[in-house]
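As structure tokens, the structure follows; a few thoughts come after it.
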Amino acid sequence: MRPEFKDKIMHVLFLVPTLIAAGMLVMMLAFMSEGIGQISWRFLSSSIFEGGIFEPIMGTFFLFLGTVLITMPIGIFAAIYLVEYAPRDSKFVRIVDQAINNLAGVPSIVIGLFGYTFFCKILGLGISLVAGWLTLTLMMLPIMIRGTEEALRMIPQSFREAAMALGATKWETVRDAVLPAAMPGILTSILLGVARVAGETAAIIFTASVLTMRGLPRTPLEPVTSLTFYLFVLLVAIPKTSYKVAFGVALVLFGIVFLFSAIATVIRMYYRRKWKW
Amino acid sequence: MWYGRKHVLKNINIKIPEKRVTAIIGPSGCGKTTFLKSLNRLIELVDGVRVEGEVLLDGVNIYDSQLTPTEVRKRVGMVFQKPNPLPKSIYENVAYGPKLHGIRDKEELDKIVKEALMAAGLWDEVKDRLHDSAFELSVGQQQRLCIARAIAVKPEVILMDEPCASLDPISTAKVEALIRELREEYTIVIVTHSLQQAMRISDYTAFFYYGELIEFGPTKKIFEEPEHELTYRYITGQFG
């Protein structure tokens with residue numbers, strides 16, 4: 001066989017899977033576009049009782065807003081500790097790292113089960129917004145810590161030496177030399193976490209949402225619905241659901257996640273332009 | 001000085017003259033940088049490091065438990081091999097040290113920044129863009145910014161770890177000229193791989209070999225009539 005011919009075969013061999021992957025994405029987008037006709041101001045702003053999705057949208061925001069507020073400080077502080085303060089190669093760090101890895105690998109339905117048993121039952125929070133926050137925190141925390149750790153480790157040692165050599169203390173070094181440089185990476189990990197949380201269903205089925213909705217929660221101790229949960233309900237619990245409505249909900253969810261990654265990209269581009277190294 | 005179980009620097013006894021340039025030369029891996037970093041306790045950032053002995057600055061051991069590394073590093077500044085500006089503006093880079101040490105007054109900071117940048121020969125090049133990112137400067141300018149940053153803290157000693165290693169010849173010439181000017185006011189210890197550079201800029205030269213100080217004396221003497229066979233072979237390029 002001529003080498004050129006062989007090369008052509010290899011070319012096709014690599015091209016076909018690419019086309020399959022691209023085709024699947026296009027098909028998904030085509031299905032999602034079914035929902036476009038569904039989307040209108042009325043659909044977004046009216047209550048689910050009037051065929052809208054106002055509560056699920058607000059619920060999704062409530063859920064991830066609270067989760068981010070809880071996760072961000074814990075995740076960032078833990079990552080700073082692990083990278084900057086903990087003695088390298090200590091047994092403790094290795095155990096914690098391993099635990100974080102394992103937590104990241106736990107299927108979300110299992111996390112949901114734990115959240116239900118621990119937060120809802122044992123802590124007595126019931127099925128509520130706050131139980132949802134805590135359960136989702138368990139999902140987001142590993143992403144947050146991992147991402148921040150990576151962002152911090154990317155910072156060259158020379159940055160730390162620069163501040164240290166001027167007489168900065170450990171904390172001043174972290175604050176002035178490391179964190180500003182790591183910020184784009186940290187923001188990215190926050191937004192990745194948000195995307196995961198916004199799209200999460202299994203973890204909130206048992207912990208934050210109930211089938212019979214009574215509008216928006218007035219306190220964090222009341223249950224909440226979300227776009228993912230509403231989609232689940234539409235498909236499972238309501239017979240004869242129009243797929244158009246379901247795809248409309250899906251499209252809104254997709255749009256929200258997309259919005260966050262777009263914001264992340266803009267912030268990162270801004271930082272890149274500002275600090276080049 | 002030990003890295004884990006490895007004995008890196010052995011019995012080094014050296015008296016570095018004040019307001020002179022002392023060059024440290026020797027083959028790679030002989031402990032030059034380690035020695036330099038032990039002079040401002042930056043070596044303590046390395047895990048598993050153990051320091052024995054003392055480093056006296058004006059008669060006080062800088063490893064004394066009474067002194068914090070911060071106080072030591074305020075008096076002993078450092079310039080690194082690769083320019084390492086902080087992710088801040090040009091102005092903030094220079095003002096950073098003085099701010100750490102408690103200077104808050106805007107006018108005073110402005111004055112310090114201007115003086116330090118002038119001393120580093122950078123003022124005319126950057127005076128119109130003090131608030132641009134330090135990363136927008138050329139590598140040579142960044143290194144002079146790092147020198148300005150070290151000067152701004154008003155240290156007594158400035159350590160330089162191959163400050164010209166990543167610079168082109170023109171920037172190198174500028175930095176060397178700067179070092180010659182700075183010796184009027186500061187005690188400078190410079191690690192260099194370039195014997196020519198050591199000859200051009202230093203008053204004293206110390207030759208290190210595998211963690212030991214082989215010879216130390218006036219640069220002229222080291223290069224013209226070294227006492228030690230190893231020194232002679234190194235400076236004549238027979239190894240290194």
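Sequence lines set the chain letters: A, B, ... in the order given, protein chains first and strands last, and positions in each chain run from 1. Source: prediction; values computed, not measured.
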Nearest heavy-atom neighbours spanning Leu86(B) and Ala162(A): CD2-CB, 4.1 Å
Smallest separation among heavy atoms of Pro87(B) and Ala177(A), with atom names: CG-O, 3.6 Å
Nearest-0.5 Å distance that lies between atom CD in Gln157(A) and atom CG in Asn84(B): 11.0 Å
Greater than 12 external heavy atoms within 6.0 Å of Phe254(A)'s CZ: no
Closest non-hydrogen atom pair, Met164(A) against Arg73(B): O-CD, 2.9 Å
More than 12 heavy atoms from other groups under 6.0 Å of NZ on Lys114(B): no
Contact list for residues 85-104 of chain A, test ring pair (Phe, Tyr, Trp, His ring centres under 6.0 Å), sequence neighbours left out: none
Derivation of the side-chain contact (heavy atoms from CB on, under 4.5 Å) call for Leu100(B) and Glu172(A): CA-CA 8 Å; Leu100(B) 283 180; Glu172(A) 286 163 340; 3.4 Å; yes
Top contributor to chain A interface from Val153(B), Thr70(B), Asn40(B), Val72(B) [non-hydrogen pairs under 4.5 Å]: Thr70(B)
Val76(B) portion near chain A, given a 4.5 angstrom heavy-atom threshold: backbone
Neighbour count >12 (heavy atoms, 6.0 Å) for atom CD1, Ile170(B): no
Chain A contact via Arg149(B) - side chain, backbone, both or neither, heavy atoms under 4.5 Å: both
Minimum heavy-atom distance between Leu166(A) and Tyr96(B), given as atom pair plus value: CD1-CD2, 3.8 Å
